[in-house]
2 protein chains.
Amino acid sequence: MYTIGQVSELFGLPISTLRYYDKEGLFPTIQRDSGIRKFGEKELEALRVIECLKKSGLEIKDIKQFMEWCVQGSETYPQRRKLFLHQKAAVEAEIERMNRVLDMLRFKCWYYEQAIRDGNEDRLSHLQPEKMPEDIRRAYEHAHSMDA
Amino acid sequence: MYTIGQVSELFGLPISTLRYYDKEGLFPTIQRDSGIRKFGEKELEALRVIECLKKSGLEIKDIKQFMEWCVQGSETYPQRRKLFLHQKAAVEAEIERMNRVLDMLRFKCWYYEQAIRDGNEDRLSHLQPEKMPEDIRRAYEHAHSMDA
DNA sequence: GCTTGACCTAAAGTCAGGTTTAGGTACTAT
DNA sequence: ATAGTACCTAAACCTGACTTTAGGTCAAGC
């Protein structure tokens with residue numbers, strides 16, 4: 001069992017955030033010892049799931065919903081599975097978008113390297129994709145394709 | 001040249017957002033025709049960069065800084081390059097974190113599939129990683145490794 | 001000539017996700 | 001016994017990124 005301060009250290013989260021999560025109902029079955037929260041393995045796993053679901057784009061109130069399903073037992077397995085499937089698809093899509101962003105950034109890094117060498121953007125501003133280096137051209141085209 | 005309404009359509013952004021961006025200084029050299037904004041190729045590229053930098057985690061005020069560098073000319077190429085290098089590293093790190101999140105979600109999807117089959121979590125709660133399917137075990141271990 | 005539609009501004013409002021403040025309890029070391 | 005430290009609550013506050021509101025200009029079509 002851990003105190004809130006220990007969990008704060010373990011996860012690198014401010015104590016105020018942990019209390020906020022508790023207030024929002026994210027640890028529905030947390031125990032207390034004369035008022036003081038006792039974080040067990042259940043709450044640590046909850047925190048791992050919270051960080052995961054948060055990064056997958058879920059809001060606190062929806063994470064709360066999930067935690068309530070966990071309390072309700074085996075009848076909510078299908079909902080919980082559906083939620084994870086849904087968030088998995090969302091993260092896969094997000095990673096695709098991030099890769100496109102990455103390609104734009106790669107292109108811009110190359111662009112300014114060239115601009116620094118040239119001292120101006122004259123050559124670059126007329127540059128056709130065909131004349132770019134292979135990898136840069138692919139990054140450029142991926143970043144500028146508007147098909148998603 | 002495009003009106004604000006046309007750009008809104010093109011980029012799928014609310015008109016209010018475009019006006020907000022302008023107010024925040026994200027189109028420092030936009031032209032106007034008796035008060036009405038005229039978006040040119042420069043502003044469209046600015047918008048692409050805005051979306052890119054926003055997703056890379058930059059705040060509006062830092063994007064404004066970048067746009068100001070663009071107005072200042074060739075002397076700011078090094079700053080601009082440095083910014084893109086920095087954001088590239090940030091996005092690479094973010095994608096790594098997202099892949100870890102994805103592995104957690106993969107594991108949870110598998111977990112609830114099993115729980116639905118079993119009707120309870122008894123077997124799962126004692127399951128050692130060694131006894132999981134290869135791919136799930138790898139996802140589980142990647143997701144639970146606390147080394148970043 | 002008057003309504004409709006697309007544009008404009010300044011200022012106030014909204015929302016999520018925390019953080020800070022103010023005030024209190026309880027154990028421990030000096 | 002008193003100072004320090006770790007915990008507690010309720011409620012106010014904060015931030016970024018928009019969005020909404022209220023009121024106005026201007027050209028086109030009926």
Side-chain angles (χ1 to χ4, degrees), chain A residues 1-40 43-44 46-67 87 90 94 97 101, chain B residues 1-40 43-44 46-68 83 87 90 94 97 101:
Chain A
M1 289 288 185
Y2 303 87
T3 66
I4 201 169
Q6 291 169 328
V7 176
S8 162
E9 287 291 295
L10 271 170
F11 282 79
L13 290 171
I15 290 177
S16 62
T17 301
L18 295 171
R19 291 209 262 248
Y20 165 68
Y21 286 170
D22 188 24
K23 200 176 57 177
E24 293 301 302
L26 266 41
F27 309 121
T29 63
I30 195 170
Q31 307 260 86
R32 290 191 181 230
D33 188 346
S34 53
I36 290 171
R37 294 172 184 84
K38 295 189 310 186
F39 291 76
E43 280 73 36
L44 300 193
L47 261 175
R48 277 175 220 117
V49 172
I50 288 165
E51 303 237 280
C52 167
L53 290 178
K54 234 162 53 85
K55 279 211 176 157
S56 81
L58 226 55
E59 292 178 14
I60 299 292
K61 65 172 186 296
D62 299 312
I63 301 179
K64 175 188 177 166
Q65 171 69 271
F66 170 76
M67 294 303 171
Q87 294 315 113
E94 182 61 16
R97 280 191 295 275
V101 165
Chain B
M1 288 289 186
Y2 304 87
T3 67
I4 201 168
Q6 291 169 326
V7 175
S8 161
E9 286 291 295
L10 270 171
F11 281 79
L13 291 171
I15 290 177
S16 61
T17 301
L18 295 171
R19 290 209 262 249
Y20 164 69
Y21 286 170
D22 188 23
K23 202 177 54 174
E24 294 300 303
L26 265 41
F27 309 120
T29 64
I30 195 171
Q31 307 259 85
R32 290 190 180 231
D33 189 345
S34 54
I36 290 170
R37 295 172 184 85
K38 296 188 310 186
F39 290 76
E43 281 72 36
L44 300 193
L47 261 175
R48 277 174 221 118
V49 172
I50 289 165
E51 303 236 279
C52 167
L53 289 177
K54 235 161 53 84
K55 279 211 177 161
S56 82
L58 227 54
E59 293 179 12
I60 299 290
K61 66 170 186 294
D62 299 313
I63 300 178
K64 175 190 177 166
Q65 171 68 271
F66 170 75
M67 294 304 171
E68 280 166 6
L83 176 69
Q87 294 315 112
E94 182 62 15
R97 280 191 294 276
V101 165

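The structure displayed is predicted, hence computed values, not measured ones. Side chains are part of it too, since the values below use all heavy atoms of this structure and drop only hydrogens, waters and symmetry mates. Just so it is clear: chains get the letters A, B, ... in the order the sequence lines come, proteins before strands, and each one is counted from 1.
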S.K.: From the options B:F11, B:F27, B:Y21, select the one residue that forms a ring pair (Phe, Tyr, Trp, His ring centres under 6.0 Å) with B:F39.
M.R.: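 Among B:F11, B:F27, B:Y21, the one that satisfies the ring pair (Phe, Tyr, Trp, His ring centres under 6.0 Å) with B:F39 is B:F27.
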S.K.: For A:G40, is there any backbone N or O sitting under 3.5 Å from a side-chain donor or acceptor partner on A:E43?
M.R.: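 At least one qualifying donor-acceptor pair exists.
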S.K.: Picking from C:dG18, C:dC8, D:dT9, which would you name as closest to the side chain of A:Y21?
M.R.: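 Per side-chain heavy atoms of A:Y21, the pick is C:dG18.
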S.K.: Rounded to whole angstroms, how far apart are CD1 on B:I36 and C1' on C:dC8?
M.R.: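 To the nearest whole Å, that distance equals 8 Å.
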S.K.: Could you pick out which residue, A:S34 or A:K61, lies toward the 5' side of DNA chain C when each is mapped onto its nearest nucleotide?
M.R.: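 Between the two, 5'-proximity favours A:K61.
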S.K.: When all nucleic acid strands are considered with a 4.0 Å heavy-atom cut-off, which category describes B:K54: base, sugar-phosphate, or nothing?
M.R.: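 Counting heavy atoms under 4.0 Å across all strands, the contact made by B:K54 is with sugar-phosphate only.
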S.K.: Tell me: CG of A:D22 to P of C:dG17, nearest whole Å?
M.R.: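 These atoms are roughly 17 Å apart.
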S.K.: To the nearest Å, give me how far apart CZ (A:R32) and P (C:dT25) are.
M.R.: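 Rounding to the nearest Å, CZ of A:R32 and P of C:dT25 are 17 Å apart.
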S.K.: Just compare D:dG16, C:dG17, C:dC7 and give me whichever is closest to any side-chain atom of B:I15.
M.R.: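 Closest of the options to the side chain of B:I15: C:dC7.
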S.K.: For B:E24, report the nucleic acid contact type (base, sugar-phosphate, nothing); a contact means any heavy atom under 4.0 Å.
M.R.: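 Nothing, no heavy atom under 4.0 Å.
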S.K.: Looking for any heavy atom pair under 4.0 Å, which part of the strands does B:T3 touch: base, sugar-phosphate only, or nothing?
M.R.: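 Sugar-phosphate: the residue B:T3, judged by heavy atoms under 4.0 Å, touches backbone atoms but no base.
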S.K.: Check the distance between C:dG5's C1' and B:Q6's CD and give it to me in whole angstrom.
M.R.: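 The answer, rounded to whole Å, is 14 Å.
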S.K.: Using a 3.5 Å distance criterion without hydrogens, assess whether the side chain of B:Q87 forms a donor-acceptor pair with backbone atoms of B:S56.
M.R.: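 Between the backbone of B:S56 and the side chain of B:Q87 there is a qualifying donor-acceptor contact (under 3.5 Å).
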S.K.: Using a cut-off of strictly less than 4.0 Å, decide whether B:R37 has a side-chain nitrogen or oxygen near OP1 or OP2 of C:dC8.
M.R.: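 Yes.
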S.K.: From the list C:dC7, D:dC7, D:dT19, which nucleotide is the closest neighbour of the side chain of B:P14?
M.R.: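 Of the candidates, D:dT19 comes closest.
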S.K.: Applying a 4.0 Å non-hydrogen cut-off, can you work out what A:R19 is touching in the nucleic acid: base, sugar-phosphate, or nothing?
M.R.: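 Base, at least one base atom sits under 4.0 Å.
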S.K.: Quick one: A:K64 NZ to C:dG17 P, roughly how many Å, whole number?
M.R.: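 From A:K64 NZ to C:dG17 P: 13 Å.
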S.K.: Check every strand shown and say whether B:S16 touches a base, only sugar-phosphate, or nothing at a heavy-atom separation below 4.0 Å.
M.R.: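 The residue B:S16 makes base contact.
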S.K.: Which of the following nucleotides, D:dC7, C:dG17, C:dC8, is nearest to the side chain of A:E59?
M.R.: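 My answer, after comparing the listed nucleotides, is C:dG17.
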S.K.: Would you call B:R97 and B:E94 a salt bridge, using N to O less than 4.0 angstrom?
M.R.: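 The answer is yes: the pair qualifies as a salt bridge.
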S.K.: To the nearest angstrom, how far is B:M1 atom CE from C:dC7 atom C1'?
M.R.: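 Distance, rounded to whole Å: 17 Å.
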S.K.: Mind calculating the distance between CG (A:L18) and P (C:dG17) to the nearest angstrom?
M.R.: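 So the two atoms are 16 Å apart, to the nearest Å.
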S.K.: Can you name the closest pair of heavy atoms from B:A46 and B:L26 and give their distance?
M.R.: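 In terms of heavy atoms, the two residues are closest at CB-O, 4.5 Å.
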S.K.: B:K23 or A:Y20: which one's nearest nucleotide on DNA chain C is closer to the 5' end?
M.R.: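 Its nearest nucleotide being more 5', the pick is B:K23.
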S.K.: May I have the distance from B:I50 (atom CD1) to D:dA17 (atom P), rounded to whole angstrom?
M.R.: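 Taking CD1 of B:I50 and P of D:dA17, I get 12 Å after rounding.
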S.K.: Is A:T17 close enough to C:dT19 that one of its side-chain N or O atoms is under 4.0 Å from OP1 or OP2 there?
M.R.: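 The answer is yes; a side-chain N or O of A:T17 sits under 4.0 Å from OP1 or OP2.
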S.K.: Taking the minimum atom-to-atom distance to the side chain of B:I4, which one of D:dC8, C:dC7, D:dA17 wins?
M.R.: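 Looking only at heavy atoms from C-beta outward on B:I4, the closest nucleotide is C:dC7.
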S.K.: Using modelled atom types and a 3.5 Å cut-off, is there a donor and acceptor pairing between side-chain atoms of A:Q6 and backbone atoms of A:T3?
M.R.: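 Yes.
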